[in-house]
Amino acid sequence: MTVCTLAGVGFGYALLWAMLLSIIAAVVLQEMSARLGIISQKGLSEIIRTEIKHPVLKAFTIILVLSAIVIGNAAYEAGNITGGVLGLQTIIGNPNIEINGVSMNFLSVITGLIAFALLYIGNYKLLEKVLIGLVILMSFAFLVTAIMTKPNVSEIFEGIFIPKVSNDSLLTVIGLIGTTVVPYNLFLHASLVKEKWHKMSDLKYVRNDTVIAIVLGGLVSMCIIISAAAIQSKDINNASDLAKGLEPLFGSFAKYFLAMGLFAAGITSAITAPLAAAYVASGCLGWHSNLKSKKFRGVWMFILLLGVLFSSLAIKPIDIIKFAQVANGILLPVIAGFLIWIMNKSSVLGVHKNSIKQNIFGFIILGISILLSVTTLNKVFQLNIF
């Protein structure tokens, strides 16, 4: 929601093509991840560990994957918690606490404690359904709002099918990709689908499930961009500013409606990011993926703590969320590369390994993500690569 709003406010419909690319990439890579989980009945990190035989290369790969996931998930968790905090701030203000002269956002601690309790207990299905219901309601609101703003249809199609990238929009493009094709989801999806589906005949159901979920989510993201393009102000600092995109539908109540959605989205995501990191660590290090084991809990507690810490510091919330998405976009080629490599191993997938068509799509996505990541690193650190 945040990155899509920034894209719409800053660049109008011009970056809709990045969402289309993200939707296609997410469908292709998530389908691979799901197929891997069902056929092998193992997680991606577990297979990476067992398939690399050379001890030095295996150690290097495990360190690389763990580092990528820890850095990416810590940044993403900070963004998740900050999203929940943005929602709470709109309703109850912005209470800070002073610790040894350092100002910390108290709401980040509260949000982190809620996520901690839900993860520790492990029984959060009912709350999850309520929160997801709020997110779905808000998604429908953006769809209606996008129509109410009476956008120029020809400009929308131009934005979707004619890619435009400027030096100013590059970080936003990589952010849009990072918030849609989330690297840790490739690990989490492979670990979780095998608990719901167990037979090869289930492949068609998981594919349908993946495509429908990602396409609907992508369309909502496009609606947010379209709604935000109608916002007159270019200065977005808090949830009230983000909510301007919903004012055509909800008027002065828009900020409260968005606040509920941001909190719901933040909490649900604050649960999944630490879980994904724990699954990755368990697979890489050969631990059992037991939700109540001390090692498994230790990993998600560490990621949650980092998220709360980064979110609590005196940094603009919008900047934290945007940084999280950019970090994920930069890390995507590393994880996608490992996934495509595994998906071509007959020893793991047999006849269900990647087809030529699936590899073509996979390598095109990998190539584009590498190009965008290198260009982004070049821009951020002024490496003068190009």
Side-chain angles (χ1 to χ4, degrees), residues 3 17-40 42-48 51 61 64-65 68-69 72-73 76 173-194 196-197 203-219 221 269 272-273 275-277 279-280 283 324-345 348-349 352-374 376:
V3 176
W17 67 269
M19 276 310 310
L20 177 62
L21 173 64
S22 300
I23 292 169
I24 295 171
V27 168
V28 171
L29 296 178
Q30 289 283 91
E31 187 279 332
M32 290 184 192
S33 178
R35 181 158 33 103
L36 177 66
I38 292 175
I39 300 303
S40 70
K42 295 178 181 178
L44 175 57
S45 56
E46 184 180 354
I47 292 176
I48 290 174
E51 286 300 311
T61 302
L64 179 64
V65 171
I69 290 300
N73 277 30
Y76 210 84
V173 169
I174 200 78
L176 287 171
I177 294 173
T179 194
T180 308
V181 196
V182 184
Y184 78 68
N185 270 347
L186 301 179
F187 288 94
L188 189 60
H189 204 46
S191 297
L192 294 182
V193 292
K194 61 187 176 63
K196 184 176 181 180
W197 291 285
L203 273 174
K204 60 181 179 180
Y205 300 114
V206 73
R207 280 172 176 153
N208 290 338
D209 184 76
T210 300
V211 171
I212 292 171
I214 293 173
V215 170
L216 287 178
L219 289 175
S221 296
S269 299
T272 57
L275 272 181
Y279 275 117
V280 171
Q325 315 304 349
V326 172
N328 274 279
I330 292 173
L331 292 171
L332 177 61
V334 177
I335 307 306
F338 279 118
L339 177 62
I340 293 171
W341 171 65
I342 290 292
M343 296 307 297
N344 281 279
K345 296 185 73 65
V348 176
L349 292 152
H352 294 283
K353 71 176 185 177
N354 271 3
S355 64
I356 294 176
K357 183 174 71 173
Q358 288 167 328
N359 274 331
I360 290 173
F361 278 110
F363 280 111
I364 289 174
I365 291 166
L366 179 61
I368 293 172
S369 64
I370 290 173
L371 178 62
L372 285 171
S373 294
V374 172
T376 301

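The basis for the numbers below is simple: all heavy atoms, side chains too, and nothing from hydrogens, waters or symmetry mates. If you're wondering where the values come from, they're calculated on a predicted model, not measured in any experiment.
Rounding to the nearest 0.5 angstrom, the gap separating the NZ atom in Lys42 from the CG atom in Leu36 is 10.0 Å. Atom CD1 of residue Ile365 and atom CG of residue Leu29 lie 5.0 Å apart, to the nearest 0.5 angstrom. Residue His352 holds its NE2 atom at 10.5 Å from CE of Met343, rounded to the nearest 0.5 Å. Separation of atoms CG (Leu20) and CG (Leu219) is listed at 10.0 Å; rounding is to 0.5 Å. Separating the CD1 atom in Ile214 from the CG atom in Asn185 is a distance of 8.5 Å, to the nearest 0.5 Å. To the nearest 0.5 Å, the span separating CZ on Phe187 from CG on Leu339 amounts to 8.5 Å.
Heavy-atom minimum distance, Val280 versus Ser45: O-OG, 3.2 Å. The minimum heavy-atom distance between Ser373 and Ile174, with the atom names listed, is N-CD1, 4.1 Å. The two residues Ser191 and Gly43 make their nearest non-hydrogen contact at OG-CA, 3.9 Å. Met32 and Gly362 make their closest contact through CE-CA, 4.1 Å (heavy atoms, listed as atom of the first residue, atom of the second, distance).
With sequence neighbours excluded, the residues satisfying side chain to side chain donor-acceptor pair (under 3.5 Å) with Asn354 are Arg35, Asn359. Residues satisfying the side chain to side chain contact (heavy atoms under 4.5 Å, CB included) test with Ser369, not counting sequence neighbours, are Leu332, Pro333, Leu366. In terms of the side chain to side chain contact (heavy atoms under 4.5 Å, CB included) criterion, residue partners of Val206 (sequence neighbours excluded) are, by chain and number, Ala34, Ile38, Val193, Trp197, Leu203, Thr210. Under the side chain to side chain contact (heavy atoms under 4.5 Å, CB included) criterion, Ile212 pairs with Leu216, sequence neighbours left out. A search for side chain to side chain donor-acceptor pair (under 3.5 Å) contacts involving Lys353 returns Ser346, not counting sequence neighbours. Qualifying side chain to side chain contact (heavy atoms under 4.5 Å, CB included) partners for Ala276, counting only residues two or more places apart in sequence or in other chains: Asn73, Tyr184, Leu188.
Within the 4.5 Å cutoff, no side-chain heavy atoms of Phe338 are placed close to those of Leu44.
Judged as a salt bridge (charged side-chain N to carboxylate O under 4.0 Å, His left out), the pairs with a partner in residues 205-214 (not counting sequence neighbours) are, in order, Glu31-Arg207. Residue pairs meeting the salt bridge (charged side-chain N to carboxylate O under 4.0 Å, His left out) criterion with at least one partner in residues 333-345, sequence neighbours excluded, are Glu51-Lys345.
At least one donor-acceptor pair closer than 3.5 Å links the side chain of Asn344 to the backbone N or O of Ile340.
Remark: Phe363 CZ is packed, more than 12 non-hydrogen atoms of other residues, nucleotides or ligands lying under 6.0 Å away.
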